[in-house]
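Each ligand, and each atom within it, is numbered from 1 in the order the structure gives. Just so we're clear, the structure is a prediction, and the values are computed from it rather than from any experiment.
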Amino acid sequence: MQPVVLITGASRGIGAATARLAAKAGYAVGVNYLRDSAAADAVVADIVAAGGRAVSLKADVSDEAQVVAMFERCDAELGPLSALVNNAGVVSPQGRLEDFDAARLQRVMAINVIGSFLCAREAVRRMSIRHGGQGGAIVNVSSAASRLGSANEYIDYAASKGAIDTMTLGLAVEVAAEGIRVNAVRPGLIETDIHASGGEPGRVARVAPTIPMQRGGTAEEVANAIVWLLSKEASFCTGSLLDVSGGR
Ligand code: NAP
């Protein structure tokens, strides 16, 4: 049977690159998005044009009812789930901690942390052999920010990724004997729209000289690591935090 992967935040950036690569690797792909339905439809169209299967799934990962409905639609349209990529994530405008209000903190934690937990819960309920599933794999998209801290930019975002690292370590142990591997990638500076949403579209060019490899990475370079961690080639990897960061 064709394996099925649900990828959150797959309309753009790292998620879209991962969706295209996973389809090439033989997965049917659930392409989750929040606002940009045209971009999500374009990812689905690319996959279908190349002979693959995909469906776009609109849902806010921070909303429990929407997450549950999204997984049910994915089951119905693509079949039993084999893998989850927890990729949807946001930053808020750059600033210092002393200026952060509760609404900002709640948004970044709700999307980056609670969203990833809710999606992981739905995936475990489907994939764990304890629940009658066939096993599977989860890759969480963390960030090098979890170990760098993002001072003067977004410490809240960095802390949300610290929570993702910890969830990866704990969940990996919790479900290891139930056929599910749980790993994370920690991208460094990657060329996507996320930097503009933090208020600095030119961030990659500014920071690149501080990266040992002297450049930002591409979404495809991160997707390669994610799809490898999902694959049987990574069959003895669980609880791993894989840096994809050009040495930074
Ligand atoms: P991006 O280009 O800004 O894309 C974000 C994606 O997430 C979009 O598909 C967006 O959907 C979706 N999204 C946002 N909020 C959502 C929500 N509440 N529910 C569902 N989907 C939502 O981001 P990216 O740079 O590819 O980042 C992807 C992941 O990599 C994030 O977790 C980010 O923290 C992490 N990361 C990125 C970098 C980097 O330098 N780019 C570095 C380290 C880690 P819509 O388009 O429909 O709004």
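A heavy-atom separation below 4.0 Å is not found between Lys58 and ligand 1. In this structure, Gly115 has no heavy atom closer than 4.0 Å to ligand 1. Heavy-atom separations between Gly188 and ligand 1 include at least one value shorter than 4.0 Å.
Ranking the protein heavy atoms by distance from atom 24 (P) of ligand 1 puts Thr192 OG1, 3.6 Å first. Here the protein heavy atom with the shortest distance to atom 11 (O) of ligand 1 is Ser11 OG, 3.3 Å. At the top of the distance list for atom 12 (C) of ligand 1, counting protein heavy atoms only, stands Gly9 CA, 3.5 Å. Looking from atom 33 (C) of ligand 1 to the surrounding protein, the closest heavy atom is Tyr157 OH, 3.5 Å. Counting only heavy atoms of the protein, atom 37 (C) of ligand 1 lies nearest to Ile14 CD1, 3.8 Å.
With a 4.0 Å cut-off on non-hydrogen atoms, Ser142 touches ligand 1 through its backbone and not its side chain. Heavy atoms of Val90 found under 4.0 angstrom from ligand 1 belong exclusively to the side chain. Contact annotation: for Asn32 versus ligand 1, heavy atoms closer than 4.0 Å belong to the side chain alone. Contacts of Leu189 with ligand 1, taken as heavy-atom pairs under 4.0 Å, involve the backbone alone. Here His195 has side-chain heavy atoms under 4.0 Å from ligand 1, and that is the only part of it that gets that close. When non-hydrogen atoms are compared, ligand 1 lies under 4.0 Å from neither the backbone nor the side chain of Glu191. Only the backbone of Ala59 comes within 4.0 Å of ligand 1, counting heavy atoms alone; no side-chain atom from C-beta on gets that close.
Looking at Glu153 and Arg203, a side-chain N of the basic residue comes within less than 4.0 Å of a carboxylate O on the acidic one, giving a salt bridge. Salt bridge status for Arg104 with Asp99: absent, with no side-chain N to carboxylate O gap under 4.0 Å. A salt bridge links Arg121 with Glu64: the closest approach of a Lys/Arg side-chain nitrogen to an acidic carboxylate oxygen falls below 4.0 angstrom.
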Please assess Arg215 against Glu221 for the test salt bridge (charged side-chain N to carboxylate O under 4.0 Å, His left out), listing each intermediate value before the final yes or no.
CA-CA 12 Å; Arg215 66 170 179 90; Glu221 287 175 307; 2.8 Å; yes
Report the C-alpha separation of Asp165 and Arg186 in whole Å, then their side-chain angles, then the decisive distance to 0.1 Å, and conclude whether the salt bridge (charged side-chain N to carboxylate O under 4.0 Å, His left out) test is met.
CA-CA 9 Å; Asp165 288 358; Arg186 295 196 296 197; 3.0 Å; yes
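Selection from Asp63, Asn87, Ile111, Val108 by nearest heavy atom to atom 29 (C) of ligand 1 gives Asn87. If you check each of Gly198, Gly15, Ala88, Gly13 against atom 13 (N) of ligand 1, the one with the closest non-hydrogen atom is Ala88.
A donor atom on one side chain and an acceptor atom on the other are not found under 3.5 Å apart for Ser142 and Asn140.
Using a 4.5 Å heavy-atom cutoff, the side chains of Asn86 and Met167 are in contact.
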